[in-house]
**Q** 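Mind having a look at this structure? Questions to follow.
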Amino acid sequence: MNRRILLLGGTTEALRPARRLGLETVYSLAGLGRVPAALPCHVRVGGFGGAEGLAAFIASEGIELLLDLTHPYAAQISHNAARAAEITGVPCWALRRPGWQPGADDDWREVDDWDALTRALVPFERPFFTSGREPLAHLHEIPEHQHWTVRCLQAEPAPLRAEVIGARGPFSLDEERALFARLRCDVLVSKNSGSASTEPKLQVARELGLPVLLLRRPELPVVAREFAESESLWEALQQRL
Ligand code: NAP
């Protein structure tokens with residue numbers, strides 16, 4: 001059977017079309033997180049083997065449209081998608097969610113990578129990491145004066161002076177207020193995902209006057225059509241179907 005749409009997903013925004021499109025669509029996941037149950041489309045889990053592998057899949061499945069609804073920090077798959085679109089001549093549409101913008105009361109500091117983040121964290125004692133799994137690889141390096149809390153999709157045992165919370169957004173403002181109060185964190189670490197579902201933590205940091213260390217967004221490729229929010233992408237998709 002020819003599948004007309006290849007939807008690269010793994011985000012909350014990708015789930016909406018994945019729940020509405022039928023078997024003509026392949027919903028593709030890297031396989032790092034939970035695979036959503038009972039989707040009406042075909043679900044495929046795992047990498048393609050780079051841009052060439054993705055292009056080969058597009059050709060063999062008769063894909064006519066590539067949708068990149070991956071996370072803004074999942075830059076590799078977005079570059080692969082743009083390259084595969086060039087190779088195959090199949091258009092690529094992408095959700096390019098704008099990043100969050102600081103307000104007048106915000107103390108946001110952008111850092112380029114893990115090393116820069118570590119240096120920026122030195123003055124603090126209780127960082128709260130909401131930036132994915134990367135801190136888990138560094139739990140043995142926690143400075144003597146710090147206690148780390150890491151929130152990511154899956155909890156795991158933590159050493160002394162650390163707590164790993166397994167949780168999946170969306171997170172409400174009240175939940176975040178209660179969590180910040182329990183943790184007594186003095187700095188928030190985040191990616192600038194721009195997602196409404198994880199934005200309340202920034203409001204709480206603002207209320208408490210906490211600095212926010214943001215990992216810089218990666219550069220993403222330009223593709224045939226780009227949408228700033230999922231609603232306009234969905235409308236364009238319906239017009240095309
Ligand atoms: P990535 O670095 O862009 O991708 C690495 C490889 O994983 C790709 O080259 C591809 O393998 C495979 N892959 C990624 N997304 C795929 C998809 N939808 N379908 C099939 N294969 C896929 O992305 P990442 O490793 O997933 O994550 C990179 C960063 O983004 C991390 O910092 C992570 O925290 C963040 N992220 C966040 C969310 C979220 O919060 N919802 C989701 C995803 C990623 P092949 O080259 O073999 O095709």
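Each ligand, and each atom within it, is numbered from 1 in the order the structure gives. Because only heavy atoms are used, hydrogens play no part in the values below, and waters and symmetry mates are left out as well, while side chains stay in.
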**Q** At less than 4.0 angstrom from any non-hydrogen atom of Gly49, what atoms of ligand 1 do you find?
**A**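 Listed by number with element: 45 (P), 47 (O), 48 (O).
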
**Q** Take a 6.0 Å sphere around CZ of Arg184 and say whether it holds more than 12 heavy atoms from other residues, nucleotides or ligands.
**A**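 Count not over threshold, so no.
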
**Q** What side-chain donor-acceptor pairs closer than 3.5 Å can you find for residues 29-57, not counting sequence neighbours?
**A**
residue : atom : partner : partner atom : Å
Arg44   : NH1  : Gly46   : O            : 2.7
Arg44   : NH2  : Gly47   : O            : 3.4

**Q** Can you list, by chain and residue number, the hydrophobic cluster partners of Val222 when the side-chain cut-off is 4.5 Å?
**A**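 Taking Ile, Leu, Val, Met, Phe, Trp and Tyr as members, Val222 stands alone, with no cluster partners.
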
**Q** For the pair Trp148 and Gln146, evaluate side chain to side chain donor-acceptor pair (under 3.5 Å) and give the outcome as yes or no after the intermediate values.
**A** CA-CA 6 Å; Trp148 290 9; Gln146 288 183 351; 2.8 Å; yes

**Q** Can you confirm whether Ser197 sits close enough to Phe171 that some side-chain heavy atom of one is under 4.5 Å from a side-chain heavy atom of the other?
**A**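 No. Closest side-chain heavy atoms not under 4.5 Å.
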
**Q** Given that the side chain starts at C-beta and the backbone is N, CA, C, O, which of these parts of Ser193 lies under 4.0 Å from ligand 1, counting heavy atoms, or is it both or neither?
**A**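 Neither part.
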
**Q** So Arg151 and Phe128, do their side chains get closer than 4.5 Å, heavy atoms only?
**A**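 Side-chain contact under 4.5 Å: yes.
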
**Q** Indicate whether atom 37 (C) of ligand 1 is within a distance of less than 4.0 angstrom of some protein heavy atom.
**A**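 When distances to the protein are checked, atom 37 (C) of ligand 1 has a heavy atom within 4.0 Å.
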
**Q** Going by distance only, is there an N or O of Gly9 that falls short of 3.5 Å from an N or O of ligand 1?
**A**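 By distance alone, the answer is yes.
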
**Q** Report the nearest protein non-hydrogen atom to atom 48 (O) of ligand 1: residue, atom name, distance rounded to 0.1 Å.
**A**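 Nearest protein contact, heavy atoms only, for atom 48 (O) of ligand 1 is Phe48 N, 2.6 Å.
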
**Q** Tell me, please: is Gly53 in heavy-atom contact with ligand 1, that is, under 4.0 Å?
**A**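 Outside the 4.0 Å threshold, so no.
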
**Q** May I ask you to identify the nearest protein heavy atom to atom 29 (C) of ligand 1, giving residue, atom name and distance to one decimal place in Å?
**A**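 Answer for atom 29 (C) of ligand 1: Tyr73 O, 3.3 Å.
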
**Q** Which protein heavy atom lies closest to atom 46 (O) of ligand 1, and at what distance to 0.1 Å?
**A**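 Its nearest protein heavy-atom neighbour is Gly50 N, 3.0 Å.
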
**Q** List the steps and the verdict of side chain to side chain donor-acceptor pair (under 3.5 Å) for Glu235 and Ser232.
**A** CA-CA 5 Å; Glu235 281 167 17; Ser232 52; over 6 Å; no

**Q** Quick test of your reading of the structure: of Gly10, Ala30, Ala14, Ala51, whose heavy atom lies closest to atom 16 (C) of ligand 1?
**A**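 Checking each option, the heavy atom nearest atom 16 (C) of ligand 1 is found in Ala30.
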
**Q** Report the part of Asn80 (side chain from C-beta onward, or backbone N, CA, C, O) that has a heavy atom under 4.0 Å from ligand 1; answer both or neither where that applies.
**A**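 Within the 4.0 Å criterion, Asn80 contacts ligand 1 through side-chain atoms alone.
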
**Q** Would Arg97 and Glu13 count as a side-chain contact (heavy atoms from CB on, under 4.5 Å) here? Give the steps.
**A** CA-CA 10 Å; Arg97 205 164 51 197; Glu13 288 77 10; 2.5 Å; yes

**Q** Mind checking whether Leu32 has an N or O less than 3.5 Å away from an N or O of ligand 1?
**A**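 No, there is no polar N/O contact under 3.5 Å.
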
**Q** Just to confirm my output: which protein heavy-atom neighbour is closest to atom 23 (O) of ligand 1, and how far is it?
**A**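 Checked against all protein heavy atoms, atom 23 (O) of ligand 1 sits closest to Ala74 CB, 3.3 Å.
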
**Q** Quick one, Asp186 with Arg126, criterion salt bridge (Lys or Arg N to Asp or Glu O under 4.0 Å). Give me CA distance, side-chain angles, the key distance, then yes/no.
**A** CA-CA 5 Å; Asp186 55 4; Arg126 298 185 66 84; over 6 Å; no

**Q** May I ask you to list the atoms of ligand 1 that are less than 4.0 angstrom from any heavy atom of Ser28?
**A**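 Heavy-atom distances to Ser28 below 4.0 Å select 17 (C), 18 (N), 19 (N), 20 (C).
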
**Q** For atom 11 (O) of ligand 1, grab the closest protein heavy atom and report residue, atom and distance to one decimal in Å.
**A**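 Ranked first by proximity to atom 11 (O) of ligand 1 is Gly47 CA, 3.6 Å.
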
**Q** Any non-hydrogen atom of Gly46 lying under 4.0 Å from ligand 1?
**A**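 Gly46 counts as a contact of ligand 1 under the 4.0 Å cut-off.
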
**Q** Report, as yes or no, whether the 6.0 Å neighbourhood of atom CD on Glu219 holds more than 12 heavy atoms from other residues, nucleotides or ligands.
**A**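 No.
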
**Q** Would one find an N or O of Ser78, backbone or side chain, under 3.5 Å from an N or O of ligand 1?
**A**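 N/O-N/O distance under 3.5 Å: no.
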
**Q** Within the distance-only criterion (no hydrogens, no angle test), does the side chain of Arg217 pair as donor or acceptor with the backbone N or O of Ser193 below 3.5 angstrom?
**A**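 Yes, the answer is positive, given that a donor and an acceptor are paired below the 3.5 Å cut-off.
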
**Q** Can you list the atoms of ligand 1 that are under 4.0 Å from a heavy atom of Ala75?
**A**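 The atoms of ligand 1 under 4.0 Å from a heavy atom of Ala75 are 3 (O).
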
**Q** Heavy atoms only: which of Arg44, Glu52, Gln76 is nearest to atom 2 (O) of ligand 1?
**A**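 Looking at heavy atoms only, the winner is Gln76.
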
**Q** Name the option, out of His71, Lys191, Arg133, that contains the heavy atom nearest to atom 34 (O) of ligand 1.
**A**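 Ranked by closest heavy atom to atom 34 (O) of ligand 1, first place is Lys191.
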
**Q** Which protein heavy atom lies closest to atom 10 (C) of ligand 1, and at what distance to 0.1 Å?
**A**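 Result for atom 10 (C) of ligand 1: Ile77 CD1, 3.9 Å.
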
**Q** Looking only at atom types and distance, does a side-chain atom of Glu175 sit under 3.5 Å from a main-chain N or O of Ser172, one as donor and one as acceptor?
**A**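 Yes: the side chain of Glu175 pairs with the backbone of Ser172.
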
**Q** Mind checking whether Gly132 has an N or O less than 3.5 Å away from an N or O of ligand 1?
**A**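 The answer is no, given that Gly132 and ligand 1 share no N or O pair closer than 3.5 Å.
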
